[in-house]
Protein chains: 2
Amino acid sequence: MQGDLKFASFKQDMNLTMEALCRELFLQNRESVRIIKEEIAVKNLVKILNAALTLCNRKGFASMSLRDLSKESGLSMGALYTYFASKDDLLRLLQSQGRTVVLRAIETQIGGAEHPRIKLRKAIQAHLYVSEIMQPWFYLSYMETKNFPREEHKKAIEAELFTEKLLIDIIRAGQEKGVFKPINSELLGAVIKAMLQDWYLKRWKYSQRRVSVDKYSAFVLDFIESYLVSEP
Amino acid sequence: MQGDLKFASFKQDMNLTMEALCRELFLQNRESVRIIKEEIAVKNLVKILNAALTLCNRKGFASMSLRDLSKESGLSMGALYTYFASKDDLLRLLQSQGRTVVLRAIETQIGGAEHPRIKLRKAIQAHLYVSEIMQPWFYLSYMETKNFPREEHKKAIEAELFTEKLLIDIIRAGQEKGVFKPINSELLGAVIKAMLQDWYLKRWKYSQRRVSVDKYSAFVLDFIESYLVSEP
DNA sequence: GTCTATACCAGGATAGAC
DNA sequence: GTCTATCCTGGTATAGAC
């Protein structure tokens, strides 16, 4: 369909490498990361965050000890503590970086579109594609939200509601133009969000069944549009 | 619609009180629970499981200490350990009981139905209704699955796949009869499951928005049927 | 059956040498 | 910037009195 993305080209465009993300994270957290040289900091942050994501996805944040993290990342306990102030602080670093990237990716993608139907397609595809690339990040963020310290917890909930609102607003705009049927937009937004989240929460299931992100995306879009789009 | 349940009557029929559940749990776990008298055991199990569910939902299983649990339940540490052998064992108790009840509830409900469309409606309603009553149980089970010890982890995944398969089989039966359109049943089953799970995972959101389980159920059914059901 | 007191260990965090 | 050695809290689990 017109304006549709494919995962392969999306991936190329967005340049979401771990290295780029860690560089950005370093520049935005000079107070927390007590290292001076950028190259050293970035190199080790990559090691630390990769290790942390692996371990957290395997056993959960609370059950990951910093000794585990030290072993997995190859850095000593002492060295770890020059990159973050406490275990909670590490969670904050991980969390904040993920949030920023997602919102930017989605807004970049839907920015160009005008027609509600295309806009909705792009929002959904962008969400699925980002979460495909950064799956461990999303998984962690979803699973650990309730364990976040107060402030982070609030931000995580806001982010969830923000992307949901984005969907709802597109639906409403389309309804006003008569492109979409007058369906409860709040509920539809909620269940779309649920379907998007299922993609990164049940990765094991979908990859076992050989469902690619493009296939899943096509299915979800078809499902939603056949319910929502008015006949021409 | 014909054969539809309402939550109020479902709740009355199924008798899913904490007391009944704990009694059953006690009778099935005489090896693990080192108490002789049924009445005492049931009374305290109710206290323990309620406290455990509250704490786990608030901070997660790993972060709940047994000292917390002792305080919240009103029993001493020593007493707690006569009801389960270890912290992991407590998780197993909680988990196994939930699983049994859900499957029984769903199978009871769809047992009577013949027509695929009614059967699908009943399966979805039963799932939503049970999870409405036992929300903390479902939430815990979903969130902690990956932390379960090997054997329990396997069972949790099997249970997820089992209820999903149940949906998929109903869809396929309907397709063979020509009642449903030839849609990818595996993918549809997966996203239906995702919508059902969203109901107990995001309870805060739905109750804030004053969406009742009957309303959610009606919406989801409408969404699915308008995609799936062939025109008459 | 239930409690209190305690053993014992793993975890987060840091000091100070290099 | 990084490492090793160590501190100390708070966790699970149990012994033994009542």
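Just so we're on the same page: letters track the sequence lines, and every chain starts at 1.
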[atom1] of [X] versus [atom2] of [N]: gap in Å, rounded?
X        : N       : atom1 : atom2 : answer
Leu69(B) : dT2(C)  : CG    : P     : 14 Å
Leu66(A) : dT4(D)  : CG    : P     : 16 Å
Lys87(B) : dC9(C)  : NZ    : C1'   : 15 Å
Lys71(A) : dG12(C) : NZ    : P     : 13 Å
Met64(B) : dA13(D) : CE    : C1'   : 14 Å
Ile35(A) : dT2(D)  : CD1   : C1'   : 9 Å
Leu55(B) : dT12(D) : CG    : C1'   : 16 Å
Leu90(B) : dA13(D) : CG    : P     : 10 Å

Looking only at the side chain of [X] (C-beta and beyond, no hydrogens), which of the listed nucleotides [options] gets closest?
X        : options                  : answer
Asn44(A) : dT2(D), dA13(C), dG12(C) : dT2(D)
Tyr83(B) : dT2(D), dT2(C), dA13(C)  : dT2(C)
Met77(B) : dA5(C), dA13(C), dT2(D)  : dA5(C)
Tyr81(B) : dT2(C), dT12(D), dG12(C) : dT12(D)
Ser76(A) : dT2(C), dC3(D), dA13(D)  : dC3(D)
Thr82(A) : dT2(D), dT2(C), dA13(D)  : dT2(D)

Hey, are Glu24(B) and Arg104(B) close enough for a salt bridge, meaning a charged N less than 4.0 Å from a carboxylate O?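 The answer is yes: the pair qualifies as a salt bridge.
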When we call it a touch if two heavy atoms are under 4.0 Å apart, what does Phe84(A) touch: a base, just sugar-phosphate, or nothing?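 The residue Phe84(A) makes no contact with any strand.
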What orientation do Phe219(A) and Phe223(A) show, parallel under 30°, tilted 30 to 60°, or perpendicular over 60°?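 Geometry flag for Phe223(A) against Phe219(A): tilted rings.
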Ring geometry between His127(B) and Tyr200(B) (parallel below 30°, tilted from 30 to 60°, perpendicular above 60°):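 It falls in the parallel class, under 30°.
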How long is the straight-line distance from CD of Gln197(A) back to CD of Gln197(B), given to the nearest 0.5 Å?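 Those atoms lie 11.5 Å apart.
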Side chains of Asp13(A) and Tyr129(A): is there a donor and an acceptor less than 3.5 Å apart?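 No.
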Both Arg67(A) and Leu80(B) contact DNA chain C. Which one's nearest nucleotide lies toward the 5' end?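 In this pair, the answer is Leu80(B).
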